[in-house]
Visitor: 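Sharing a structure, written as structure tokens. Questions coming.
We number each residue from 1, following the sequence as shown. Just so it is clear, the structure is predicted and the values come from calculations on it, not from any experiment.
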Amino acid sequence: MRALVIGATGGIGAAVTAQLQGDGWDVTGLSRSVDGFDVGNPASVERCMAAQEGPFDLIFVALGILAPLWGAPEKSLSAIKPEDMAAVYAVNAIGPALILRHAARLLPKDDRGVIATLSARVGSIGDNKIGGWYSYRASKAALNQIVHGAAIELGRSHKQSICVALHPGTVATSFTADYAGRHKTVEPQDAAKNLLTVIANLTPDNTGGFYDYAGQEIVW
């Protein structure tokens, strides 16, 4: 079994890579630190993705930012800055969309193939009860729509393909260190195991869905 993990040196990406390798998978990793994969740079995405040769049984996209390095998630409408919002969208929505452009070429044509992208429960419009975090919430909602549309398109040519958005829970990484607060956190290794269990149980009937770490569907 072959997997492509994008964001392979981050907290969740590294744990997913290690888990897959421990299970005997042949894993190709892409990251900014090792491969110069800059998800916010379309030319970088195209260069790195065009160099990959499939088919991959699993493409796992472990990318995302809460806010630009110079900013923080907005607590109010008055805190919205267009340049910050654009930076978050570039990484959380546009970058994954550019990755998905290569999915048809890299997934098996006539066998099961999964492309799973990390989303977040706060990207759910129906689940939003407290507001705030406008750029992050909106970028993940946009990602969910992109994944859903990609699943429909892929399903026409790749009948056994599965394209989903996954919520990993609040994982104890540098990504969440300043914002975990009262949320129960899970170690990256446990998050990876949970997510890979969900992926293993998916069928083509699940394509286009938005699921959490326990396999429960999340409202859009």
Visitor: Under a 3.5 Å distance rule, please check whether Glu74 uses its side chain to pair with a backbone N or O of Ser135 as donor and acceptor.
Guide: yes
Visitor: In the structure I gave you, are the side-chain heavy atoms of Leu196 and Val16 within less than 4.5 Å of one another anywhere?
Guide: yes
Visitor: So, Thr185 side chain and Ala172 main chain: donor-acceptor pair closer than 3.5 Å or not?
Guide: no
Visitor: Quick one: CG on Leu195 to CZ on Phe60, what's the gap to the nearest 0.5 Å?
Guide: 5.0 Å
Visitor: Check whether any side-chain heavy atom of Leu58 sits under 4.5 Å from a side-chain heavy atom of Met1, and report yes or no.
Guide: no
Visitor: For the pair Gln160 (side chain) and Asp110 (backbone), establish whether a donor and an acceptor sit closer than 3.5 Å, ignoring hydrogens and angles.
Guide: yes
Visitor: Do the side-chain N and O atoms of Asn92 and Ser139 include a donor-acceptor pair separated by under 3.5 angstrom?
Guide: yes
Visitor: Quick one: pull up SG in Cys163 and CG in Leu154 and give me the separation to the nearest 0.5 Å.
Guide: 6.0 Å
Visitor: Take Val45 and Asp38, measure what side chain to side chain contact (heavy atoms under 4.5 Å, CB included) needs, and give me the verdict at the end.
Guide: CA-CA 6 Å; Val45 175; Asp38 181 359; over 6 Å; no
Visitor: Looking at side-chain heavy atoms only, is the closest gap between Leu20 and Val5 below 4.5 Å?
Guide: yes
Visitor: Should the pair Arg2-Asp57 be classified as a salt bridge under the 4.0 Å nitrogen-to-oxygen rule?
Guide: no
Visitor: Is any side-chain heavy atom of Ile199 closer than 4.5 Å to one of Leu166?
Guide: yes
Visitor: Just to verify, which of Leu4, Leu30, Val61, Thr117 counts as forming a side chain to side chain contact (heavy atoms under 4.5 Å, CB included) with Ile99?
Guide: Val61
Visitor: Any chance you could lay out the side chain to side chain contact (heavy atoms under 4.5 Å, CB included) test for Ile59 and His102, step after step, and finish with the verdict?
Guide: CA-CA 11 Å; Ile59 300 174; His102 294 265; over 6 Å; no
Visitor: What's in the same ILVMFWY side-chain cluster as Ile125, cut-off under 4.5 Å, chained through other members?
Guide: none
Visitor: Anything under 30° is parallel, anything over 60° is perpendicular, the rest tilted; go ahead and classify His148 against Trp220.
Guide: perpendicular
Visitor: Would you give the length of the straight line joining atom CG of Leu63 to atom CZ of Arg32, rounded to the nearest 0.5 angstrom?
Guide: 11.0 Å
Visitor: Does CD belonging to Gln21 count more than 12 external heavy atoms closer than 6.0 Å?
Guide: yes
Visitor: Determine, step by step, whether Ile94 and Val39 satisfy the side chain to side chain contact (heavy atoms under 4.5 Å, CB included) criterion, reporting the C-alpha distance in whole Å, the side-chain angles of both residues, the deciding distance to 0.1 Å, and the verdict.
Guide: CA-CA 8 Å; Ile94 298 173; Val39 69; over 6 Å; no
Visitor: Whether the side chain of Arg105 engages the backbone of Pro55 through a donor-acceptor N/O pair (distance < 3.5 Å, no angle test) should be reported.
Guide: no
Visitor: Does atom CZ (Arg101) have a neighbourhood of more than 12 heavy atoms from anything else shown, all under 6.0 Å?
Guide: no
Visitor: Apply side chain to side chain contact (heavy atoms under 4.5 Å, CB included) to residues Ile218 and His167 and explain how you reach the verdict.
Guide: CA-CA 9 Å; Ile218 301 174; His167 167 61; 3.6 Å; yes
Visitor: Just verifying a value: how many Å separate Thr17 OG1 and Trp25 CH2, rounded to the nearest 0.5 Å?
Guide: 11.5 Å
Visitor: Cut-off 3.5 Å, side chains only: do Thr28 and Gln52 have a donor facing an acceptor?
Guide: no
Visitor: Would a distance-only check, ignoring hydrogens and angles, find a side-chain to backbone donor-acceptor pair under 3.5 Å from Asn194 to Asp190?
Guide: yes
Visitor: Should we say atom CZ of Phe210 is surrounded by more than 12 heavy atoms from elsewhere, each under 6.0 Å from it?
Guide: yes
Visitor: Has Glu53 got more than 12 heavy atoms of other residues, nucleotides or ligands less than 6.0 Å from its CD?
Guide: no
